[in-house]
J.: 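The structure that follows is given in the form of structure tokens.
Since we're looking at a predicted model, the values are computed, not measured.
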There are 2 protein chains.
Amino acid sequence: MAGLREQKKQKNIAAIMEAAIFLFGERGYENTTIAALAEAAGIGKGTIYSYFKSKNEILLAFCEEELACMHQELRQTVPQAGSLEEKLLLIFMCEFRYITKNKSFGRTLMREITFPRLLTIEKSKEIEEQFIQIFVSVFQEAQDKGELRRDIELTMTCGHFYGLYLMALSAWYSGRLHGEEDVHASLQIMFNQALTGLRPKDKEDGEST
Amino acid sequence: MAGLREQKKQKNIAAIMEAAIFLFGERGYENTTIAALAEAAGIGKGTIYSYFKSKNEILLAFCEEELACMHQELRQTVPQAGSLEEKLLLIFMCEFRYITKNKSFGRTLMREITFPRLLTIEKSKEIEEQFIQIFVSVFQEAQDKGELRRDIELTMTCGHFYGLYLMALSAWYSGRLHGEEDVHASLQIMFNQALTGLRPKDKEDGEST
DNA sequence: GGTCGAAATTGACTTTGGTCAAGTTTATCT
DNA sequence: AGATAAACTTGACCAAAGTCAATTTCGACC
């Protein structure tokens, strides 16, 4: 039983996503109207809203696909690198490059993921989950190798590094960091701080400058 | 020379801000239209746009005032508290309470501050500056007392803690943390991690569970 | 005080995201 | 097959942010 209704549904969703990939890529998210999306997908404007709750949700769905792709690649690239610090930097810089490939696009995405509205909270959670899931194995491995304390929940460790990443991204969007190198350098410093701790080691109390 | 033109300008801006304070407070940011704002201020809709570049910029200006007030209070409250950790927690929880007093309001503000658009980048920088300036003295003091490493730039330390705060706030908006207590607990854990470091102390290598 | 140009003000207008009542299609049951 | 109900589709419609050409106000100079 194919289910004609179900078939059409899937076809519609596919058509919308296809139109989104094309139009978002062509002219960017902001410059793509729902009307254009509907026309390109060959359906009515209202129909889109029976599949997506808002325009931002279409962006989220679009990004979910793209990110899944990128993460797939990442998973195959990362393992060879050395220390935890190096791996994290590699992963985050890859995310950064992806997110900021198109500035306004990435902004909308990050806004929605970091401070989601009720409407898009589910989708944004899914994405962030995906976003974070990729670390867990890296952290697990690091913990096994003794690079990370064992008395800390992995979620907290994730949160910690992800927070630093958010900070760097925000600094870039605010123009306090310029370009990829700056972001890379900042992340490196902050990651190092996070690993070694901000508090001075017990025995050395003096000035280091 | 009074400058009638300049007088009117100031009067208009004041009227807009007054209307904003009243209407945002009354019915929230989202439910206040530019038209309503204009009417309440007794000026035309278009005039507003000669003083503010967008609706969000009005919010930012509004928050700048409010935050300045809160920071003033904070500055008088904080100093008595004990350790750096306690002070930071106090400050951030105060910010948190303010930001989340009205959920959608705080969301819009944080979105604009964390991932600003070109249009509002200046205003958002000013606010974040204000936001961060309040720590510097706390950090300076802590550094003097030997609670913080001296070989780290203060900006980096600020960034570090602020990143963790962003993370907690984001987790609250995403529904991964519920209520004030949860946020407080998470911050406490992450701040402690940041201070002591995520990497195990050299000599103790074993399981702690 | 009269005149002219620059700056400020205005509200009708445009654009666009989102809604909804009316119409159309599909599945189910006899 | 035909009837009926449920699900889906649609585009006219609405609300609200932001634009702009026409108009008014102000200040400077004769």
J.: Checking B:Tyr173 against B:Lys103 for the side chain to side chain contact (heavy atoms under 4.5 Å, CB included) test, could you report, in this order, the C-alpha distance in whole Å, the side-chain angles of both residues, the deciding distance, and whether it holds?
T.: CA-CA 8 Å; B:Tyr173 268 107; B:Lys103 195 164 182 174; 3.5 Å; yes

J.: Distance check needed: D:dA17 P versus B:Phe52 CZ, whole Å only.
T.: 15 Å

J.: Using whole Å, what does the distance between atom C1' of nucleotide D:dT25 and atom CD of B:Glu6 come to?
T.: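 After rounding, the gap between these two atoms is 15 Å.
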
J.: Evaluate salt bridge (charged side-chain N to carboxylate O under 4.0 Å, His left out) for A:Glu39 paired with A:Lys45, printing each intermediate quantity in order.
T.: CA-CA 8 Å; A:Glu39 195 186 1; A:Lys45 194 156 101 101; over 6 Å; no

J.: Does a donor on one side chain and an acceptor on the other come within less than 3.5 Å for A:Gln130 and A:Glu126?
T.: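 Short answer, no.
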
J.: Can you check the A:Ile48 CD1 to D:dG11 C1' distance for me, whole Å?
T.: 13 Å

J.: By the definition ring-ring contact (aromatic ring centres under 6.0 Å, His included), identify the one residue from B:Phe131, B:Tyr98, B:Tyr165, B:Phe161 that meets it with B:Phe92.
T.: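 When ring-ring contact (aromatic ring centres under 6.0 Å, His included) is applied between B:Phe92 and each of B:Phe131, B:Tyr98, B:Tyr165, B:Phe161, only B:Tyr165 qualifies.
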
J.: Which residue, A:Ala35 or B:Lys9, contacts DNA chain C at a nucleotide closer to its 5' end, judged by nearest heavy atom?
T.: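 Nearest-nucleotide comparison on DNA chain C picks B:Lys9.
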
J.: Can you confirm whether the side chains of A:Asn56 and A:Tyr29 place a donor and an acceptor under 3.5 Å from each other?
T.: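 Yes, a side-chain donor-acceptor pair sits under 3.5 Å.
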
J.: Relative to each other, are the rings of B:Trp172 and B:Phe96 parallel, tilted or perpendicular (30° and 60° limits)?
T.: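 Ring orientation of B:Trp172 relative to B:Phe96: perpendicular.
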
J.: Are the side chain of B:Ser186 and the backbone of B:Val183 linked by a donor-acceptor contact shorter than 3.5 Å?
T.: no

J.: Output the rounded distance in Å from CG (A:Asn12) to C1' (D:dT9).
T.: 9 Å

J.: Any base atoms under 4.0 Å from B:Tyr51, or only sugar-phosphate, or nothing? Heavy atoms, all strands.
T.: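 Sugar-phosphate contact only.
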
J.: Regarding A:Thr196 and B:Arg149, is there a side-chain donor-to-acceptor distance under 3.5 Å anywhere?
T.: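 Judged by distance alone, the side chains do pair up.
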
J.: Check nucleotides 18-22 of chain D for protein N or O atoms closer than 3.5 Å to its own N or O atoms and list the pairs.
T.:
{"unit_1": "D:dG18", "atom_1": "OP2", "unit_2": "B:Tyr49", "atom_2": "OH", "d": "3.0"}
{"unit_1": "D:dG18", "atom_1": "OP2", "unit_2": "B:Lys55", "atom_2": "N", "d": "2.9"}
{"unit_1": "D:dG18", "atom_1": "N7", "unit_2": "B:Lys45", "atom_2": "NZ", "d": "2.8"}
{"unit_1": "D:dG18", "atom_1": "O6", "unit_2": "B:Lys45", "atom_2": "NZ", "d": "2.5"}

J.: Can a side chain N or O of B:Lys8 be found less than 4.0 Å away from OP1 or OP2 on D:dT25?
T.: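 B:Lys8 to D:dT25 OP1/OP2: no side-chain N or O under 4.0 Å.
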
J.: Could you list where the contact with chain A starts and ends along DNA chain C, reading 5' to 3', using a 4.0 Å heavy-atom cut-off?
T.: C:dT16 to C:dA27

